[in-house]
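What follows is a single structure, written as structure tokens, with notes after it.
Quick note: numbers below take in every heavy atom, side chains included, and nothing from hydrogens, waters or symmetry partners. Please read all numbers here as calculations on a predicted model, not as lab measurements. Throughout, protein chains are lettered first and strands after them, A, B, ... in sequence-line order, and every chain is numbered starting at 1.
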Protein chains: 6
Amino acid sequence: MKKLVLTGAAGRLGSYLREPLTALCDTLVSTDIVDDIGTLYAGETYVKADLAQMDQIAPVLEGADMVVHFGAIVDEKPFEELLGPNFVGSYNIWEAGYKAGVKRIVYASSIHAVGMHLKSDFIGIDAEHRPDTFYGLAKCFTEDLGRMYWDKRGLESVHLRILSCAQVNNTRALGSWLSYPDLIQLVTRAIDTPSVGFSIIYGVSNNDRAPVDNAKASFLGYRPIDNAEVYAAEVLAQAEPVDTTDPGQMCHGGPFAKVDLGQSGLAQMNVVNDKKQT
Amino acid sequence: MKKLVLTGAAGRLGSYLREPLTALCDTLVSTDIVDDIGTLYAGETYVKADLAQMDQIAPVLEGADMVVHFGAIVDEKPFEELLGPNFVGSYNIWEAGYKAGVKRIVYASSIHAVGMHLKSDFIGIDAEHRPDTFYGLAKCFTEDLGRMYWDKRGLESVHLRILSCAQVNNTRALGSWLSYPDLIQLVTRAIDTPSVGFSIIYGVSNNDRAPVDNAKASFLGYRPIDNAEVYAAEVLAQAEPVDTTDPGQMCHGGPFAKVDLGQSGLAQMNVVNDKKQT
Amino acid sequence: MKKLVLTGAAGRLGSYLREPLTALCDTLVSTDIVDDIGTLYAGETYVKADLAQMDQIAPVLEGADMVVHFGAIVDEKPFEELLGPNFVGSYNIWEAGYKAGVKRIVYASSIHAVGMHLKSDFIGIDAEHRPDTFYGLAKCFTEDLGRMYWDKRGLESVHLRILSCAQVNNTRALGSWLSYPDLIQLVTRAIDTPSVGFSIIYGVSNNDRAPVDNAKASFLGYRPIDNAEVYAAEVLAQAEPVDTTDPGQMCHGGPFAKVDLGQSGLAQMNVVNDKKQT
Amino acid sequence: MKKLVLTGAAGRLGSYLREPLTALCDTLVSTDIVDDIGTLYAGETYVKADLAQMDQIAPVLEGADMVVHFGAIVDEKPFEELLGPNFVGSYNIWEAGYKAGVKRIVYASSIHAVGMHLKSDFIGIDAEHRPDTFYGLAKCFTEDLGRMYWDKRGLESVHLRILSCAQVNNTRALGSWLSYPDLIQLVTRAIDTPSVGFSIIYGVSNNDRAPVDNAKASFLGYRPIDNAEVYAAEVLAQAEPVDTTDPGQMCHGGPFAKVDLGQSGLAQMNVVNDKKQT
Amino acid sequence: MKKLVLTGAAGRLGSYLREPLTALCDTLVSTDIVDDIGTLYAGETYVKADLAQMDQIAPVLEGADMVVHFGAIVDEKPFEELLGPNFVGSYNIWEAGYKAGVKRIVYASSIHAVGMHLKSDFIGIDAEHRPDTFYGLAKCFTEDLGRMYWDKRGLESVHLRILSCAQVNNTRALGSWLSYPDLIQLVTRAIDTPSVGFSIIYGVSNNDRAPVDNAKASFLGYRPIDNAEVYAAEVLAQAEPVDTTDPGQMCHGGPFAKVDLGQSGLAQMNVVNDKKQT
Amino acid sequence: MKKLVLTGAAGRLGSYLREPLTALCDTLVSTDIVDDIGTLYAGETYVKADLAQMDQIAPVLEGADMVVHFGAIVDEKPFEELLGPNFVGSYNIWEAGYKAGVKRIVYASSIHAVGMHLKSDFIGIDAEHRPDTFYGLAKCFTEDLGRMYWDKRGLESVHLRILSCAQVNNTRALGSWLSYPDLIQLVTRAIDTPSVGFSIIYGVSNNDRAPVDNAKASFLGYRPIDNAEVYAAEVLAQAEPVDTTDPGQMCHGGPFAKVDLGQSGLAQMNVVNDKKQT
């Protein structure tokens, strides 16, 4: 592969991906909205661009073979704030990618596209959309967009529904954890698999308590290694009792399943209607 | 019901709904983007408002019990043109409706949310999203939005996936036709059913050749009367041979399944990649 | 058929069945726990017997070809009160029936075996058990019992999950109503179908708003005639607004879905945990 | 349509189809293995040909638009006898049809392709193959053949799984009857539907007790009229008691489900292992 | 956890659980119907109580956080003998638990709740109930009871459908074996998982030939270690030929699938109708 | 086991099986159409026989306990060439086996029975038949034949849908590879499992990228060891770009999904209608 584009290169997950991605291509073009992402790796260049602006994004994708699209606001915000980067941004990537002859887009989707399913309902990659936030709604939008570009235009995409890629310091993370090495394996397989069509796969490590099912995406060959169970004793010892009427504790989306729409993810949780989920 | 709001009141379908809706409420507030919708029916008032502008929409919904949301650009257009009325417009209706204490929204969704399924695949209301156009993508977006507002906030909605509500002058319409009386019955039932949660139902008449399945929405009590088969002899006599490699003839979405994305529906069809649908 | 046994002959539904059943057999043996069921029809005899007492039930079934088992306490009660007639009574009928060489049992099961499913979830005859009361739990028990006697001993049974067989004076009944003529047709078909194995079928009329699916039981040939929609205008005009957080209004079981376990059906409804249904 | 070919024109069902088919085309070419099929209808010609001989079949299909393929031995026989007409014959029709540019084949498949399913298992058009005889096995073979010619070569086909098209004089026929008018409607719709891809549909009338499900083939617009229930009283009055251990009475295939493989359908039934069906 | 109750503490499986359970709580209250269960472990107390007697059971559950309910007659017996301990006993545990504020019940269900499914039908946790004995019927009853207490009252439960927890000395056990260490892991996970709602999971080791599917219960994090395949060579060498008409060899329930109802498990097997299972 | 018959003993896979099979029986009778298969193993005898000739096959199966049926033309050929060995040959094996009292047949089926499914559609053992060639059609035929002999006559069979058992030198093989040791394990388990009824299982190694699902056949205990991922780096480095409009690259069947029907597998690929697969 000659040219690979990584969006959201300044973000937490993007930062972890930059170096491994340079190994998969001649040139990695990293992009984000910040001025500078620090020291570049061999084979990497950086271009500042606003996802929400087609005229900034289109040039970045010129001549690219694939795009790893991790750029977005990664927290719950009012719809108006997410509209540009998370909705229009996805459209810009796909449309500019199509025009530039990009073969495939690997997208950081999220469990929050299906976050209102109950955690005791084991869900596969074909679970119906049940977003828990506007953040999750943008993931639903992008998955449907990707489906259409494949059906209509033959542009491939892999949608990685990442559960949680952070420290394991709560009981939910015992099931939802995606380690950084497993994230890198997942993105690598999404790139090196010869054909993927339109695919969805959960981004989760080999946790004993992983609550989702990747069986139908097995052709991608993702075989995670890490297991959050090594943290179980410590985490469970400190766990608070569960409130089984709290969607934030009962649903796949975790705290996002409880948070009021459009508020910053963890700031406040005075949900009025949370008992209405069915 | 005291106050009912109808958006898209100047549109073709909206025009047919105005009179019957006045029978279901004390006041029907019709709204659209035009200056004037002609003579009003008893109990009807008209307010001009742009769906894409929250400050215009919110006042219209004040004090409403339900909204019948038919307002949108009803043709395929570039994403940028649809973004305001068809995407942001839906958000505005739901968010303003929620803040105004609206109980339920009845939405004109469309077969184009699932238009890339093959017509020989009989689809139910749980068929996965496969939009055929940006127009259809906006329907997907709104269905997911409606799901979230029900799950998180208890705001009910019924999504009417209308197949085609127009003259029966082609073979596709023998299956897809929704007559005006059946449209009115469908909207009436979506309003008078005591509770609906989040529901999807196809808008199609009692056609012999109807290609979709409403079984799982039977609690809504929609029982269409008209049957496009009365036009079959005439239509079939004039039908051109089918090209089985043309998605426009093989898919539920009809011509939209073939049209290039973002172009006006029927203007041009120089699709490059149409054979890629799976 | 020579001898047919009807249990619960003094009950409301049993009373309606007595005369039509005499037309299907040489001798109808009606039984119940009361002393007397009034004037007998031609071909009918009456025997008093307590379902909970095997030594009273076994003699009644001697020489019978089939049993129509409608006997039970037909209201929610504490488990201890239902144990005899509704649980042990079913066992007695099946075990005595087996020993007596009975070919088939037609059983009055109930929607309350699956009453905690949401009404907006259209359910088929293979919906998983979700009883809403001890009354419903006894129906689940009897269905499983019937399954076992078929699997192990070849004793056939048809389980009629009756929705509601009473006046249509509330919105739930617009969907759930089973008219008496349709009840009679249903029982007749359950008897005259040559082989039934172990079958479940919903007992509901041809209501526009019927919320359940008998498709998989179509071989029984039940085609209901009556339609509660004739009462719709009147009932809807008087309907109270729905509380979408109330399981009694949102679930198939209706008020039983809300009532506290073990209390008489409609007496009190101070449910503490009703929001926990999923 | 200019030229339509009907195979099996001398058979019972073929005879009923000849006249109606002449109304759908300029020329109906009827073919069978006999010398003569009697007086021809206007627009009909007859050609004697052996299905098992490609050199006899290929010329018949030259220039045809569609083929209605009803030719076969229509009884259970040893495999060796069926091999030519029922297996090789189907191949010859499809291969010759493909080479001749035929657009579509309408095939008389049979319930015997799925005859070992239990009658109390309501089956749809996607039921897995469970043939009950070599006769049924040939139907499975031809369905798979038709699937392949569509997938690989774009040759359309409709496979009519006829249940039983004969007098209603037994209890099975109350469910399985296909009247001649409904047969004609079924074949007509299989021909006049603009595109069909690869489709399967059951051939059964609008019987109360019809044990199969055509829901997923609804786009074909087949709406049968006749109902075997008019014969129910008489048939049931004379019915023998059912032996629930007899696959011939419990399975969709009826007597064929019991008959020893390779024997003439109803001649003998000394099955050794019939209890092994699962 | 302060107080944990173990019923059936004198039984074979209960005996294995006593010590490990003391590690999970401050106080383990073991209970059974015998006078004495031998030397107690640190943190354990013993109370004699009859499951069938609410007035004996209710005091034992006072103040408990969870209950591990393994008490029951663990063999097939006539219904009348099982009624008290296996049916009423379950009710007493759930009702007393609810009144005492117990958060969760971990229940020893059994493969015999679904024992009449064919072993060549791989079954998941959502397999429909097909009990093979009255023993299995009590498991079905208790699962439905647990479902209702969760739906109506928010009382959580995990139902462990144990396949066989004994020596591996027959071919069935190569698939069905649950080792003691894996049993302990299973019970531990059922206790330490923060929320479980109503859950079902099969109790089986990591056998090559395990015939059931726990995929949908993966959130419980049960990962068995032992594998009966180590016994395969020896067991297979001594195996008798299979009789494929014997439900005891073909069904998940093993010998219970063949045994006459109500008889002691392995004593006699003169089944009359066993070929009728479907 | 006394006598085991292996057909296709001179073929590539047959050759690998001969020695391991001698360990499972007193006498292995190897058969093929060639005069000589070289040095025999201890316990092995060789008989030349033509699968297409019943009078040659029947004597070979006399007294056999099981048959491992790997004999067939193993390439795509015109139907007429495959008819004898691949179709009639299967019939001869089953019919002769039945008459000889054979208990079980282990059959080399193939992914080509379902080869037209898209590779991005993960398929289970219950995937519907979609043959990609006449070669694959013969596999479909034999699976249906095996189903019937089990349903009607109690003759067991295991159908091994082998993906590809050859060198890993292309990207498809990274998912489809079946190593020889895993092949031997698979055949061994198909033989030593006490009862199998009618079973289908995919023959594929423990490849990261295996695109099929054996979950429902887990009772057979097949646990492959080898993993084609060890060849991934080398293979992927040399891979050509994928043409996503080429069924040969997008479908499970690989090149066979593209090849013209009836032509030798890899010789020519001038497919006209390959884009028509749905």
Side-chain angles (χ1 to χ4, degrees), chain A residues 111 117-127 163 168 170-177 202 204-216 218 224 227-252 254 257-258 275 277-278, chain E residues 1-4 20 23-26 64-66 97-98 101-106 122 124-126 143 146-147 149-159 182 185-186 188-202 206 213-225:
Chain A
I111 188 70
H117 286 277
L118 284 172
K119 228 182 327 191
S120 52
D121 286 347
F122 190 57
I123 55 177
I125 61 173
D126 49 3
L163 275 70
V168 181
N170 58 75
T171 58
R172 176 172 176 264
L174 293 178
S176 66
W177 186 51
Y202 289 103
V204 66
S205 280
N206 181 30
N207 309 317
D208 280 12
R209 303 174 197 245
V212 292
D213 181 8
N214 272 332
K216 292 188 180 170
S218 78
N227 188 336
E229 201 63 20
V230 298
Y231 305 105
E234 186 182 2
V235 166
L236 290 171
Q238 301 170 353
E240 296 290 315
V242 168
D243 173 4
T244 59
T245 68
D246 173 10
Q249 297 180 66
M250 300 303 283
C251 293
H252 280 283
K258 180 172 188 176
K275 64 188 165 189
Q277 87 288 356
T278 56
Chain E
M1 182 158 42
K2 294 199 172 154
K3 176 176 170 182
L4 179 64
L24 299 176
C25 58
D26 296 343
D65 298 292
M66 293 192 188
Y98 171 65
V102 161
K103 175 186 169 47
R104 186 183 302 172
I105 298 169
V106 176
F122 189 56
I125 61 173
D126 48 3
E143 290 184 358
R147 175 88 222 192
Y149 272 77
W150 167 246
D151 279 347
K152 295 290 293 268
R153 291 177 155 173
L155 175 50
E156 294 192 319
S157 52
V158 185
H159 300 255
D182 284 336
Q185 185 202 145
L186 179 60
T188 303
R189 290 283 164 97
I191 289 172
D192 75 18
T193 298
S195 75
V196 298
F198 167 80
S199 298
I200 292 171
I201 186 169
Y202 289 104
N206 181 30
D213 181 8
N214 272 331
K216 291 189 181 170
S218 78
F219 78 99
L220 286 169
Y222 171 59
R223 294 227 178 155
I225 303 296

Chain E heavy atoms under 4.5 Å from [X]: which part of the residue, side chain, backbone, both or neither?
{"X": "A:N170", "result": "neither"}
{"X": "A:A210", "result": "backbone"}
{"X": "A:E240", "result": "neither"}

Check your understanding: Would you call A:D243 and E:S195 a side-chain contact if the rule is heavy atoms closer than 4.5 Å?
Key ->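 When only atoms from C-beta onward are counted, E:S195 and A:D243 do not touch, as no gap falls below 4.5 Å.
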**Study point:** Note: A:D121-E:K216 ion pair, threshold 4.0 Å (strictly below)
**Key:**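 Between E:K216 and A:D121 there is no salt bridge, as every charged N stays at least 4.0 Å from the carboxylate O atoms.
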Looking at [atom1] of [X] and [atom2] of [Y], how far apart are the two atoms once the value is rounded to the nearest 0.5 Å?
{"X": "A:S120", "Y": "E:W150", "atom1": "OG", "atom2": "CH2", "value": "7.0 Å"}
{"X": "A:L174", "Y": "E:T193", "atom1": "CG", "atom2": "OG1", "value": "9.0 Å"}
{"X": "E:F219", "Y": "A:N207", "atom1": "CZ", "atom2": "CG", "value": "14.5 Å"}
{"X": "E:N214", "Y": "A:F122", "atom1": "CG", "atom2": "CZ", "value": "10.5 Å"}

**Study point:** Audit row: E:E156, A:V242, side chain to side chain contact (heavy atoms under 4.5 Å, CB included) steps and yes/no
**Key:** CA-CA 11 Å; E:E156 294 192 319; A:V242 168; 5.6 Å; no
Practice item. For A:L236 and E:D192, work out which heavy atoms get closest and say how close. Key: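 So the minimum-distance heavy-atom pair works out to CD2-O, 3.6 Å.
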Point to revise | Residue, of A:R209, A:E229, A:Q249, that accumulates the most heavy atom pairs under 4.5 Å with chain E | key: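 Sorted descending by pairs with chain E, the first entry is A:R209.
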